[in-house]
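Atoms within each ligand, like the ligands themselves, are counted from 1 in listed order.
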Amino acid sequence: MNDKNWSKLWLDYDKKLSNEQSEDSFSVAFDGFSEDHRIIKSAKNELTEVFSKLFKGGYTTEIENAGKSVCIKKTDEIKNEGYRISADDSKLTIEASDENGVLYGAFHVIKSLLRGTGFADIKADEVPSNPLRMMNHWDNMDGSIERGYSGRSFFFENDNFYINDRTRDYARMMASIGINGIVINNVNVKNAASYLITERYFDKVSELSELFADYGIKLYLSLNFASPIELGGLEVCDPLDENVISWWDKKFKEVYENVPLLGGFLVKADSEGRPGPFTYGRNQADGANMLAKAIAPYNGIIIWRCFVYNCTQDWRDYKTDRARAGYDYFKGLDGEFLDNVILQIKNGPMDFQIREPVSPLLGGLTKTNQMLEVQIAQEYTGHQIDLCYLMPMFKEVLDFHTHCKSEGDTVADVVSGRALNNKNAGMAAVINTGDDANWTGNYLAAANLYGFGRLAYNTELSSEDIAREWIQLSFDLSKENEEKLVSMLLRSREIYEKYTSPLGIGWMVTPHEHYGPSVDGYEYSRWGTYHRADHLGLGVDRTDKGTGYAQQYYPENADMYNDSDTCPEELLLFFHHIAYDRKLKDGRTLIQYIYDSHFEGEAQAEELYENWKSMEKEIPSEVFALVCHRFEMQIANAKEWRDQVNSYFYRKSGIPDEKGRDIF
Ligand code: GCV
């Protein structure tokens, strides 16, 4: 099949529109929007590029005579960043109240055309679910990427910036899925010589912020809380110290004089070696508010991460529980954060495992702005080698009932600002891109990149619809193969879960690298393991008799998790220490479940590969070959997990597989 320009991902206009031309001329007209506005120009450029490929009659300024005309109209009836589209055979109208709405409407039109929808059939009525829809890069200034699986950074190399056509393509792609904020550098900000809040980088940061602004995207930076010491030569970075406060005041003034379009900062403090307010006996609100006050004159925001925990905890004590940390540190501060602070909360209480309960902080806080953080970089979910489409996981998180204000309140209601009535809210993803030509290493991992943006814009979309959209924009498949690929994506998370860590226990992964099995592996401590297996059973008692983590939820959820009979089975080992011979709901014992799921998961990984191979004729050869190679690696990985996990628990429990399979 034809080759495709994968550097354009789902915006490959040449490939997708090559066979569909008509003789019509076209026009693009504006009513209420200024054609000179940078975002409107971008919208017009995109539409013009696509239409000039589709309509051979070319561009005309005579709207009445155009075979196809697009009218872009301002109306206050539509909420910010939303749009409405209506069309007939010759005229299509995009209505919006602001420029971002226009751009999103334009991309909606374009994606509809790329997916084969006829001009007259394009209709839409959309408003974003979340005010903030962000990507977080963990790119380092030397060009490496923390948890990057697609090459090196496309922003930085050797402490310098790249800003080029690829950067623009990136911004276009992000806008096309509704992203409106991007943090370009790693939350672990190290090496003071390359801090982006210094004169050395202002021009470049500003240039990039301008480029992003063309696409309705605000640029954000990560910062090091100890900058007053490392850049300013102060002896402390105590958030209540007058010198520190005035250092930040001056610093933000300088930053905003040079980079006026900056959206604000993302901060990782008191976590995994990062400096923070704890050093001075201050709390997280002291730290966040100090920065928030300093940035307020510029309308900037401080996004403060709740991934605060003591990574050197002695895990041998059965009451010690890393999962408790976020809630323990932040719940007591609810209501103390300024309005331009948003707490960014990872989806689970641990760290992006293949299965975790939803963080009790989401909705546990009711007087604080909050944002959901997920990870599409596949750190614990297969390194973009193994297929793992993450939208089903994100949907579960969004649909979870927190019970915070009313019975029906879900995480989606909380992070959108609907439940708590706040504007500073939204979703962020740790991104999975790099400088690989196809952006995401594994071609199929682009489904997560596309999917996150779509879901953050519209949390009501189904994982399946998103998968189908992405496939239609990326491939030219027969209906049969399209359905096959949809089903591969939808099954992939469960398959990965089956051959890795069972029933919510998580981890058991190689320390630091986080790919492949290491059942007892735990990087931060020489003490204990996360799974707490002994010869009788496995799992962490997080009930009221154990670490008490379950009690961090509202009573409805706390009670459900506290009782092993009502705890959802997929999280059983997260909340309970369960005997190997305990019967699960389907009558199998726990140990048998572990054996079966690992055999099944590996076999299903092989099935995924077989499905992929059967589509060869319809997949570009380069894509086909690379993905084949990844599947081969995935199968090897699945075998290793299967064998190590099964033999570990066989040796611990002494209970053989009742089906008599080889357990090495
Ligand atoms: C950026 C996990 C990852 C770290 C990451 C950290 C975080 O611990 O392994 O690489 O650091 O999360 O989210 O800050």
Side-chain angles (χ1 to χ4, degrees), residues 134-150 152-153 155-156 182-191 194-196 220-226 265-276 278 284 287-288 302-313 315 321-323 325-326 329-330 342-354 356 359 361-362 370-384 390 397 427-434 452 500-501 506-516 518 521-525 530:
M134 299 189 67
M135 291 294 187
N136 290 181
H137 284 263
W138 286 357
D139 293 24
N140 298 312
M141 294 302 297
D142 65 1
S144 61
I145 301 179
E146 182 149 351
R147 312 305 173 187
Y149 311 108
S150 323
R152 292 177 66 77
S153 171
F155 289 128
F156 314 119
I182 296 179
V183 184
I184 57 171
N185 62 321
N186 190 358
V187 285
N188 289 327
V189 185
K190 295 178 183 163
N191 183 12
S194 62
Y195 287 0
L196 290 170
Y220 293 76
L221 298 174
S222 295
L223 60 69
N224 186 315
F225 193 78
F265 293 94
L266 173 64
V267 189
K268 172 175 178 176
D270 289 315
S271 171
E272 301 180 340
R274 294 299 80 217
F278 283 166
Q284 299 296 300
I302 297 296
I303 305 174
W304 189 269
R305 295 178 85 226
C306 293
F307 187 61
V308 176
Y309 75 104
N310 173 6
C311 60
T312 57
Q313 269 175 335
W315 193 242
D321 187 1
R322 169 175 169 182
Y329 287 129
F330 285 91
I342 307 179
L343 296 189
Q344 187 165 295
I345 305 168
K346 286 193 183 186
N347 60 275
M350 297 294 263
D351 194 8
F352 300 136
Q353 301 303 292
I354 189 66
E356 287 186 46
S359 167
L361 266 181
L362 290 160
Q370 50 205 288
M371 253 175 103
L372 170 66
E373 177 179 321
V374 296
Q375 192 186 42
I376 53 174
Q378 289 177 236
E379 175 180 357
Y380 293 98
T381 54
H383 282 204
Q384 286 145 243
L390 292 160
V397 173
M427 286 171 68
V430 179
I431 199 168
N432 59 354
T433 51
F452 171 76
T500 56
S501 49
W507 307 93
M508 307 203 304
V509 69
T510 52
H512 304 292
E513 198 198 346
H514 302 165
Y515 187 81
S518 169
Y522 177 46
E523 62 226 50
Y524 287 116
S525 168
Y530 268 136

message: Please classify the F352 to ligand 1 contact at 4.0 Å (heavy-atom distances, strictly less than): side chain, backbone, both or neither.
response: neither
- prompt: Going by heavy atoms, is H512 under 4.0 Å from ligand 1?
  reply: no
message: Check for me whether R274 has a heavy atom closer than 4.0 Å to any atom of ligand 1.
response: no
message: Check this for me: does any side-chain nitrogen of one of R152 and D139 sit under 4.0 Å from a carboxylate oxygen of the other?
response: no
field: Numbering as shown, the atoms of ligand 1 that approach H514 to under 4.0 Å (heavy-atom distance)
entry: 9 (O)
- request: For E146, counting its heavy atoms only, list the atoms of ligand 1 lying under 4.0 Å from any of them.
  value: 1 (C), 4 (C), 5 (C), 10 (O), 11 (O)
task: Go through the structure and list residues passing salt bridge (Lys or Arg N to Asp or Glu O under 4.0 Å) with D321, not counting sequence neighbours.
output: R542
message: If the contact criterion is a heavy-atom separation under 4.0 Å, does N186 count as touching ligand 1?
response: yes
- line: The atoms of ligand 1 lying under 4.0 Å from a heavy atom of V187, numbered in the order shown, are 1 (C), 14 (O)
task: Could you tell me whether a side-chain N or O of E356 sits under 3.5 Å from a main-chain N or O of Q353, the two making a donor and an acceptor?
output: yes
query: Near F307, which atoms of ligand 1 are under 4.0 Å from a heavy atom of that residue?
result: 6 (C), 7 (C), 8 (O), 12 (O), 13 (O), 14 (O)
field: Nitrogen or oxygen of N188 less than 3.5 angstrom from that of ligand 1
entry: yes
- prompt: Got an N/O contact under 3.5 Å between E272 and ligand 1?
  reply: yes
- request: Would you check if the distance from the ring center of Y329 to the ring center of F278 is below 6.0 Å?
  value: yes
Atoms of ligand 1, numbered as shown, that sit under 4.0 Å from any heavy atom of E379: 2 (C), 3 (C), 9 (O)
message: Less than 4.5 Å apart, side chain to side chain, heavy atoms only: is that true for V187 and V189?
response: no
query: Got K190 and M141 here, is their nearest side-chain heavy-atom distance under 4.5 Å?
result: no
Candidate pair H137 and I182, rule side-chain contact (heavy atoms from CB on, under 4.5 Å), full reasoning: CA-CA 8 Å; H137 284 263; I182 296 179; 3.7 Å; yes
- prompt: Do any heavy atoms of Q375 fall under 4.0 Å from ligand 1?
  reply: no
- prompt: Quick one: salt bridge (Lys or Arg N to Asp or Glu O under 4.0 Å) partners of R147, sequence neighbours excluded?
  reply: E379
message: Test your reading of the structure: does Y309 have an N or O sitting under 3.5 Å from an N or O of ligand 1?
response: no
message: I'd like to check R305 versus V267 (side-chain heavy atoms, cut-off strictly below 4.5 Å). Are they in contact?
response: no
